Structure formats: structure tokens, C-alpha cells
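As C-alpha cells, the structure follows; a few thoughts come after it.
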Amino acid sequence: MSSLSTNPYKGTRDYYPADKRKQNYIFGVWAKVARRFGYEEYGAPLLEPLEVYTAKSGQELVGEQTYRFVDRGDREVVIRPEMTPSISRMVAARRQEMAYPARLFSIANYMRYERPQRGREREFWQLNADIFGAEGVQADAEIITLGFELMKAFGAKPDMYVIKLNSRTVIDAMMHDYLGLDPIQAPLMVKLFDRKDKITNENFRDQAIEIFGVDGAKEGLAKLAQLLVAKGIEGLPKEIADNPAVEELASLFSELKTRGVVNAQFDITLMRGFDYYTGVVFEFFDTHPDNNRAMFGGGRYDGLVGLFGAEPLSAVGMAPGLSMMEVFLESHDLMPELASTTEVYVAVLGDNTLPGASKLTGRLREEGVNVELDFTGRKIDKQIKTAVKKHIPYVLFVGEAELKSEKYNLKDTHTGEEEAFSFERLVARIKDRRRKYSTDDDALFE
RNA sequence: GCGAAUGUAGCUCAUCUGGUUAGAGCGCCGGUUUGUGGUACCGGAGGUAGCGGGUUCAAUCCCCGUCAUUCGCCCCA
């Protein structure tokens with residue numbers, strides 16, 4: 001009988017305090033920026049009835065990539081693989097009484113049964129930010145700008161990534177009106193576009209011919225060539241350039257420009273997998289050579305709320321993931337050194353000072369300071385080492401002399417500097433530091 | 001679901017084509033230093049080589065299975 005494995009379940013991660021610090025940092029920045037844009041936080045259940053996903057998420061996701069089971073009451077349930085259907089359900093349930101446009105965000109975990117790879121796990125965490133009840137390019141532009149500002153808040157420069165843009169209505173116009181594909185051919189061509197970068201030009205051509213069929217192949221390929229040669233939206237063939245959907249996309253680009261989003265570009269091959277997208281789709285794409293891939297994306301999904309029997313409501317949103325964000329920050333060297341939430345480590349010196357040190361610790365806690373007291377009686381260098389190892393920003397030395405004089409030496413573990421403070425100045429100093437680094441935005445009505 | 005690579009100490013890796021008690025650096029613990037860490041010196045702990053089976057006088061090394069990780073395909077909220 002072998003002993004129990006310490007490995008976490010396949011595709012999941014353990015978060016020790018050092019990992020949790022990174023996670024909390026990323027969550028903190030996400031929440032802070034989302035709140036800056038007026039988004040409010042919500043939550044949804046971990047489990048949803050199967051039907052919530054079958055309608056629009058795409059067969060692959062529901063059929064093969066979900067964790068699903070039958071509960072004790074014979075209900076088919078699914079561990080949420082994404083948030084969009086859940087929030088659409090929630091909005092549909094309060095369709096009449098919500099205030100629109102509704103700006104909503106959540107930070108939650110999801111599960112998806114698939115092959116784990118770098119930056120892709122079976123349990124993963126995402127920010128979801130969505131606007132409901134706002135049609136048109138203003139809302140699209142805002143969501144994309146929110147993503148841009150998120151990246152900026154992490155210290156990302158615009159040349160570290162690009163924002164690829166396309167539109168499902170433009171795709172439809174390309175497929176049906178321009179290329180003349182029927183409802184069976186069109187989805188095949190969409191899939192082919194999606195993997196264009198992964199296959200050779202010859203393969204692309206051969207597979208395209210297969211889709212067009214012998215009769216339409218020659219004309220089809222000529223038109224296809226004109227599409228693919230288009231660098232920007234202006235380069236599109238005349239036949240679809242004056243399509244309203246293309247005009248809308250053009251105005252989205254100019255909206256983004258006025259908002260300072262300088263790294264957005266039209267990408268005719270950008271498709272995205274979900275069936276529920278109805279308008280603009282976009283993807284934030286890392287340009288770092290070691291991590292050249294899509295980080296996150298989103299788009300417009302105007303049909304989802306209506307599926308729940310409510311009056312249809314327009315919606316646009318996006319969802320950055322934690323692991324991808326971590327990989328991005330680390331490959332661009334943007335992950336800061338993170339401190340413990342414990343602000344002060346009280347090092348106790350001398351034999352009979354513990355009662356006094358303990359009392360002082362209590363007073364600091366009453367002032368709202370996060371304090372850990374070392375009551376082990378170990379040598380001072382061990383106490384300091386422990387504080388450093390735990391990434392605690394300050395060590396406070398408490399010995400007989402300090403208790404008598406009521407002046408305490410506060411050591412900054414990062415810089416090594418040390419300074420003596422009275423109790424009041426001590427508290428002020430620690431709170432200054434907290435104000436500087438905190439991402440907390442809690443508030444009260446007073 | 002398919003194809004491939006990898007798995008030796010906490011981490012990064014050695015162990016030359018199978019051969020006595022599997023090594024190093026870093027890290028960890030203790031000491032030099034009974035009121036100040038991250039440098040230096042000294043000492044120490046830690047491995048049934050992912051797991052299971054097979055071949056062999058003998059397996060970390062070869063074979064099979066299994067689990068995990070990574071890469072690619074598929075797919076990507």
C-alpha cells in the first residue's frame with residue numbers, strides 16, 4: 001500500500017501563500033480597474049443546470065469539456081465552464097428592474113475537462129466584465145478600452161501585445177454575400193480561417209478548394225485572395241467595403257483611437273469559438289517571442305439573454321484568465337515583488353519582555369495593523385529570518401529598553417533601514433505604506 | 001480524443017555504452033555571533049531514481065504498463 005499522493009488533481013493547482021499573493025495581486029488590479037470604469041461585482045453558483053449551456057456555448061464545450069454529473073434528485077448539472085451563460089441568466093431573471101446599461105464584473109473559478117498545458121488548466125480563474133443593454137460601438141469600445149487599461153495597470157506597454165479585431169457580422173457578409181457560401185460551407189470556411197496561421201499556404205488552398213467545390217473553386221479562390229491580401233479594414237474588396245457591418249467596425253476603430261487604444265488592428269482570420277457571438281469579436285495577443293499567443297478575448301453576444309424567455313438584450317463582454325495573465329507578466333518581467341498581508345513582525349528580545357511585547361501587539365491590532373508576534377524566545381537573527389522568509393515588510397523590535405522608553409525600532413525588511421518611532425508615529429508609518437500599495441476599494445455610505 | 005518528449009534531494013542538474021554505500025551547486029537546519037537577516041567560514045539533515053511489473057548474476061540506465069508534467073494536433077469561455 002503506497003502512501004497518498006501529495007499532487008493536486010490533474011490540471012489543478014495548489015496556492016501556497018506565495019502563489020496566493022500573486023493571485024491576489026492580479027485579482028486586486030482587475031477589480032480596481034473594473035470599478036474605475038463603474039463596473040459592480042456579482043457572483044453566481046458554481047453549478048448550473050446542463051441546459052444553460054447546451055443552447056449556445058458550442059457543442060464541443062458542453063459535450064466533451066464539461067464536468068457534468070447527475071445529482072441525487074436526478075438533475076443533470078455542470079460545473080460552470082464559463083460565466084457568460086450564468087450572468088445572462090441572472091440578467092434575464094431581473095430583465096425589467098435592472099438599471100441599464102448594466103456594468104457587471106466577477107472574478108471566479110471555472111472547470112473544463114481538457115488537456116492541461118502551460119497557461120491552461122482544468123480549474124482556472126477569470127475576470128468577467130460585461131455591459132448589458134448598450135448597443136453599438138460605444139459599448140464595444142468601452143469593453144476593449146477596459147482591457148487595454150487593465151493591461152496598462154499591470155505595467156504593460158502597447159507594443160507588448162496587439163488587440164486583434166473582427167466582427168461576426170462582417171464574417172457573415174464575407175462568407176455569404178461576398179464568397180457566396182451556403183450555410184453548410186460557411187462554418188467550414190470559418191474554421192479554416194481560424195487555423196490559417198497554423199497550416200501552410202498550400203494546405204489552406206487545398207482545403208479551401210474542397211469547401212468551394214469543383215464548380216466554384218476558381219472564382220472562390222480569386223475572391224479569397226482579395227480578402228486575405230487586405231491589411232486593414234480599408235483594404236477590403238469594394239463589394240463588402242460598404243457593408244454596414246464594415247462601416248460599424250471602422251467607427252469602432254476610430255472610437256478606440258480617441259480613447260488612446262493604439263494597438264488595435266483588424267484581423268480577418270480572427271473567429272473565436274463560441275456560437276453565441278453576434279457582433280464584434282476581439283483577442284488580446286501577446287507579442288513576446290516566447291509566448292506568442294492569444295491571452296484573452298471577448299465580443300458581442302446579443303442573443304443570450306433572450307434565450308431565457310426575457311425580452312432580448314444586447315451584451316458585450318470579455319474574460320481575461322489568471323494563468324495567461326501570470327505567464328504574460330512573467331515573460332515581460334512585470335510581476336512585482338509582493339509582500340505579505342502581515343505588515344509587522346514583532347521580534348521579542350530579552351527574557352521578561354514577552355508580556356509587554358504582547359500588550360503592544362494588541363494595541364497595534366486595535367489600530368487595525370496586521371501583526372504577528374514571535375513568542376518563541378528564539379535568538380533575534382532567527383526571528384528576523386522568519387519575517388524575511390514570510391515577506392513581511394516590517395520587523396518591530398521590542399526589548400526592555402523599548403518598553404521603558406516607549407520608542408520602538410522599526411526595520412524595513414526590504415531596504416534594511418531601521419528607525420525609532422513612538423507608538424502613534426509607528427501606526428501612521430505603517431498605514432502610509434498600506435495606502436500606497438493597497439488595491440482595496442471598499443466603501444461605506446456615511 | 002490523437003502524436004511526441006520528459007520524470008534522480010525542496011530547486012537546477014550530474015551519474016561516461018547496466019556493475020560495490022547515487023553526486024554537485026543552490027536552498028534548508030545548526031554553529032562561528034546570548035539585541036539585528038539576505039556576505040564569509042565550519043558542520044549537519046535530506047533520495048526504495050514518479051509508481052507498478054518484466055528481462056538480467058546485477059537496473060537510475062533496457063522492455064511493458066500506469067500516473068504526472070511539457071510541446072504539438074483538436075479546441076480555446
Side-chain angles (χ1 to χ4, degrees), chain A residues 1-13 16 18 52-53 56-66 78 80-88 106 108-122 124-130 191 194-195 198-199 203 270-277 281 283 285 290 293-299 301 304 317-324 345 347-351 353 374 377-392 394-402 408-418:
Chain A
M1 179 88 190
S2 62
S3 63
L4 288 171
S5 170
T6 56
N7 288 336
Y9 168 72
K10 185 183 174 79
T12 66
R13 283 184 57 185
Y16 292 88
V52 169
Y53 302 103
K56 279 278 182 177
S57 288
Q59 279 314 304
E60 176 92 20
L61 175 59
V62 179
E64 287 161 31
Q65 299 191 336
T66 52
V78 168
R80 61 185 173 201
E82 55 161 333
M83 190 56 108
T84 308
S86 298
I87 186 57
S88 297
S106 72
N109 55 341
Y110 306 91
M111 293 198 79
R112 212 166 140 190
Y113 194 86
E114 66 174 349
R115 196 82 168 198
Q117 277 171 33
R118 190 166 80 121
R120 213 166 88 175
E121 288 138 347
R122 286 187 169 180
F124 57 99
W125 295 77
Q126 284 187 340
L127 164 69
N128 268 77
D130 298 87
K191 296 257 182 205
D194 206 11
R195 59 176 186 269
K198 288 183 178 174
I199 60 181
N203 272 333
L270 176 67
M271 297 289 154
R272 292 188 68 74
F274 278 150
D275 292 345
Y276 54 57
Y277 287 122
V281 289
E283 226 158 56
F285 203 91
D290 296 343
R293 57 169 154 181
M295 292 186 289
F296 66 91
Y301 54 100
L304 223 39
M318 59 149 192
L322 175 72
S323 302
M324 284 294 187
Y345 193 87
V348 181
L349 316 165
D351 288 337
T353 43
D374 190 322
R378 289 176 299 175
K379 286 181 197 166
I380 186 163
D381 57 327
K382 300 296 172 210
Q383 298 190 48
I384 294 170
K385 269 191 168 179
T386 301
V388 169
K389 201 168 183 177
K390 292 187 181 195
H391 281 81
I392 296 171
Y394 294 115
V395 174
L396 187 69
F397 297 103
V398 181
E400 267 173 58
E402 286 80 358
Y408 309 95
N409 282 348
L410 187 71
K411 185 186 187 80
D412 183 318
T413 56
H414 203 245
T415 63
E417 282 165 23
E418 194 172 323

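A quick note: this is a predicted structure, and the numbers were derived from the prediction, not measured. In what follows, every heavy atom counts, from backbone to side chain, and hydrogens, waters and symmetry copies are set aside. Below, chains carry the letters A, B, ... as their sequence lines are ordered, and counting in each starts from 1.
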Nucleotide nearest [X] (side chain, heavy atoms from C-beta), chosen from [options]:
X: A/K379; options: B/U69, B/U34, B/G37; answer: B/U34
X: A/R115; options: B/G37, B/G3, B/U34; answer: B/G3
X: A/P116; options: B/C29, B/G37, B/U70; answer: B/U70
X: A/L349; options: B/C75, B/G35, B/U34; answer: B/G35

Just to be sure I understand the rule, does [X] reach a base, reach only the sugar-phosphate, or reach nothing, if contact means heavy atoms closer than 4.0 Å?
X: A/T413; result: base
X: A/G377; result: nothing
X: A/F296; result: nothing
X: A/F124; result: base
X: A/N128; result: nothing
X: A/G416; result: base
X: A/A347; result: nothing

Handout entry: Crowding at CD, A/E400 (>12 non-hydrogen neighbours, <6.0 Å)
Key = no
Exercise for the section: For the pair A/Y276 and A/T84, evaluate side-chain contact (heavy atoms from CB on, under 4.5 Å) and give the outcome as yes or no after the intermediate values. Expected result: CA-CA 10 Å; A/Y276 54 57; A/T84 308; 3.4 Å; yes
What is the distance, rounded to the nearest whole Å, between atom [atom1] of [X] and atom [atom2] of [N]?
X: A/Y16; N: B/G10; atom1: OH; atom2: C1'; value: 11 Å
X: A/K389; N: B/G10; atom1: NZ; atom2: C1'; value: 10 Å
X: A/K191; N: B/C75; atom1: NZ; atom2: C1'; value: 8 Å
X: A/I380; N: B/U34; atom1: CD1; atom2: P; value: 12 Å
X: A/K385; N: B/G38; atom1: NZ; atom2: P; value: 6 Å
X: A/K382; N: B/G38; atom1: NZ; atom2: P; value: 9 Å
X: A/Q65; N: B/C73; atom1: CD; atom2: C1'; value: 14 Å
X: A/R378; N: B/U36; atom1: CZ; atom2: C1'; value: 14 Å

Problem - Residue mapping more 5' on RNA chain B - nearest nucleotide basis, A/V388 or A/Y9 - result: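 Residue closer to the 5' terminus by nearest nucleotide: A/V388.
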Exercise for the section: Could you check A/E283 against A/T12 and say which one's nearest nucleotide on RNA chain B is further toward the 5' end? Expected result: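 The residue mapped nearer the 5' terminus is A/T12.
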Handout entry: Pairwise side-chain contact, A/R80 with A/N109, heavy-atom cut-off 4.5 Å (strictly under)
Key =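 Yes, their side chains come closer than 4.5 Å.
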Practice task
With the side chain counted from C-beta on, respond yes when A/M83 and A/Q126 share a heavy-atom pair under 4.5 Å apart, and no when they do not.
Solution key: no
Watson-Crick or G-U wobble partner for [N], using a 3.5 Å limit on both distances?
N: B/C61; result: none
N: B/A5; result: B/U69
N: B/U56; result: none
N: B/G47; result: none
N: B/A24; result: B/U12
N: B/G30; result: B/C42

Problem - A/Y394 and A/T413: CA distance, side-chain angles, deciding distance, side-chain contact (heavy atoms from CB on, under 4.5 Å) verdict - result: CA-CA 6 Å; A/Y394 294 115; A/T413 56; over 6 Å; no
Exercise for the section: Describe, in one word, how the ring planes of A/Y277 and A/Y301 are oriented to each other, choosing from parallel (under 30°), tilted (30 to 60°) and perpendicular (over 60°). Expected result: perpendicular
What's the gap between [N] and [M] when it is taken at their [atom1] atoms, as a whole Å value?
N: B/G10; M: B/A45; atom1: C1'; value: 13 Å
N: B/G23; M: B/G47; atom1: P; value: 14 Å
N: B/U6; M: B/C13; atom1: C1'; value: 14 Å
N: B/C67; M: B/U12; atom1: P; value: 24 Å
N: B/U69; M: B/G50; atom1: C1'; value: 11 Å
N: B/A58; M: B/U66; atom1: C1'; value: 25 Å
N: B/A59; M: B/C51; atom1: C1'; value: 16 Å
N: B/A22; M: B/U15; atom1: C1'; value: 7 Å

Exercise for the section: May I ask you to verify if any side-chain N or O of A/K10 is less than 4.0 angstrom from the OP1 or OP2 atom of B/U66? Expected result: no
Exercise for the section: Please state whether the base of B/G35 and the side chain of A/E402 form at least one donor-acceptor pair under 3.5 Å? Expected result: yes
Exercise for the section: Check if the side chain of A/Q383 and the base of B/U36 share a donor-acceptor pair of N or O atoms closer than 3.5 Å. Expected result: no
Exercise for the section: Return yes if some donor-acceptor pair links the side-chain N/O of A/T415 with the main-chain N/O of A/E417 below 3.5 Å, else return no. Expected result: yes
Problem - side-chain contact (heavy atoms from CB on, under 4.5 Å) assessment of A/F397 paired with A/Q383 - result: CA-CA 10 Å; A/F397 297 103; A/Q383 298 190 48; over 6 Å; no
